Amino acid sequence: MTRSKTFQAYLPSCHRTYSCIHCRAHLANHDELISKSFQGSQGRAYLFNAVVNVGCGPAEERLLLTGLHAVADIYCESCKTTLGWKYEHAFESSQKYKEGKFIIELAHMIKDNGWE
């Protein structure tokens, strides 16, 4: 008998969603997507307003392409894979819109539900 994994949150099946490519845990609803024009440490990444089933590490200051930010790595609660980061604080006023938002790298997510 195989057991299916239980996730903390399931997104509605009527919505287009993004899931962890490693374990298929739901990560974000397409409606929460802000931008597809971001760069992660391993390539392209998307910026989301809200995510589910992710844990957050401690914040640290990093010099990113757009300046100095305080960010915290985020990881899948199910398989513990690092997915990207959360913007905790932006030091430049032009970057303040990112605060509280989440980056997930394309290398770690897959599209689910109704993408035809």
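When a residue number appears, it is its place in the shown sequence, counting from 1. Since we're looking at a predicted model, the values are computed, not measured.
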### Message
Parallel, tilted or perpendicular: which one describes the rings of Y18 and H30, with boundaries at 30° and 60°?
### Response
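Because their plane-to-plane angle lies in the 30° to 60° range, the rings of Y18 and H30 count as tilted.
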### Task
Fit a plane to each ring of H108 and H22, take the angle between them on a 0 to 90° scale, and name the class: parallel (under 30°), tilted (30 to 60°) or perpendicular (over 60°).
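Because their plane-to-plane angle lies in the 30° to 60° range, the rings of H108 and H22 count as tilted.
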### Query
Are a donor atom and an acceptor atom from the side chains of S19 and D112 found within less than 3.5 Å of each other?
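S19 vs D112: donor-acceptor pair found between side chains.
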### Query
Under the ring-ring contact (aromatic ring centres under 6.0 Å, His included) rule, what pairs show up with a residue in residues 51-70, not counting sequence neighbours?
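Only H69-Y87 qualify under ring-ring contact (aromatic ring centres under 6.0 Å, His included).
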### Query
Taking the side chain from E32 and the backbone from N49, do they hold a donor-acceptor pair closer than 3.5 Å?
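A pair under 3.5 Å: no.
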### Message
So, using ring pair (Phe, Tyr, Trp, His ring centres under 6.0 Å) as the criterion, who are the partners of F102 when residues are at least two apart?
### Response
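For F102 there are no ring pair (Phe, Tyr, Trp, His ring centres under 6.0 Å) partners, ignoring immediate neighbours.
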Would you give the length of the straight line joining atom [atom1] of [X] to atom [atom2] of [Y], rounded to the nearest 0.5 angstrom?
X	Y	atom1	atom2	value
W85	S41	CH2	OG	6.0 Å
L106	Q42	CG	CD	11.5 Å
R24	T17	CZ	OG1	8.5 Å
L65	F38	CG	CZ	10.5 Å
I34	Y46	CD1	OH	14.0 Å

### Message
With a 4.5 Å cut-off on side-chain heavy-atom distances among I, L, V, M, F, W and Y, is there a chain of contacts connecting L64 to Y97?
### Response
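Yes, L64 connects to Y97 through the hydrophobic network.
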### Message
Side-chain heavy atoms nearer than 4.5 Å, only ILVMFWY residues, links allowed to pass through others: does that put L47 and L83 together?
### Response
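Different clusters.
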### Query
Which residues pass the side chain to side chain contact (heavy atoms under 4.5 Å, CB included) test with T82, sequence neighbours left out?
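T82 satisfies side chain to side chain contact (heavy atoms under 4.5 Å, CB included) with D73 once adjacent residues are dropped.
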### Message
Applying side chain to side chain contact (heavy atoms under 4.5 Å, CB included), can you list everything that pairs with Y75, at least two apart in sequence or on another chain?
### Response
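For Y75 the side chain to side chain contact (heavy atoms under 4.5 Å, CB included) partners, ignoring immediate neighbours, are E77, K80.
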### Message
Using the rule side-chain contact (heavy atoms from CB on, under 4.5 Å), only one of L27, I103, I104 pairs with I74; which is it?
### Response
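Checked L27, I103, I104 against I74; only one passes side-chain contact (heavy atoms from CB on, under 4.5 Å): I104.
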### Task
Kindly indicate whether the side chain of C20, heavy atoms from C-beta on, has any atom under 4.5 Å from the side chain of S78.
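The answer is no, as the side chains (C-beta and beyond) never meet within the 4.5 Å cut-off.
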#### Entry: C23 versus C76, closest heavy-atom pair with distance
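Closest approach of C23 to C76: SG-SG, 3.6 Å.
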### Query
Hey, what else clusters with L63 if you join Ile, Leu, Val, Met, Phe, Trp, Tyr whenever side-chain heavy atoms sit under 4.5 Å?
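Noted: L63 shares its cluster with L68, F91.
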### Query
Pairs in or reaching into residues 81-98: which pass salt bridge (charged side-chain N to carboxylate O under 4.0 Å, His left out), with residues at least two apart or in two chains?
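Listed by first then second residue: K96-E99.
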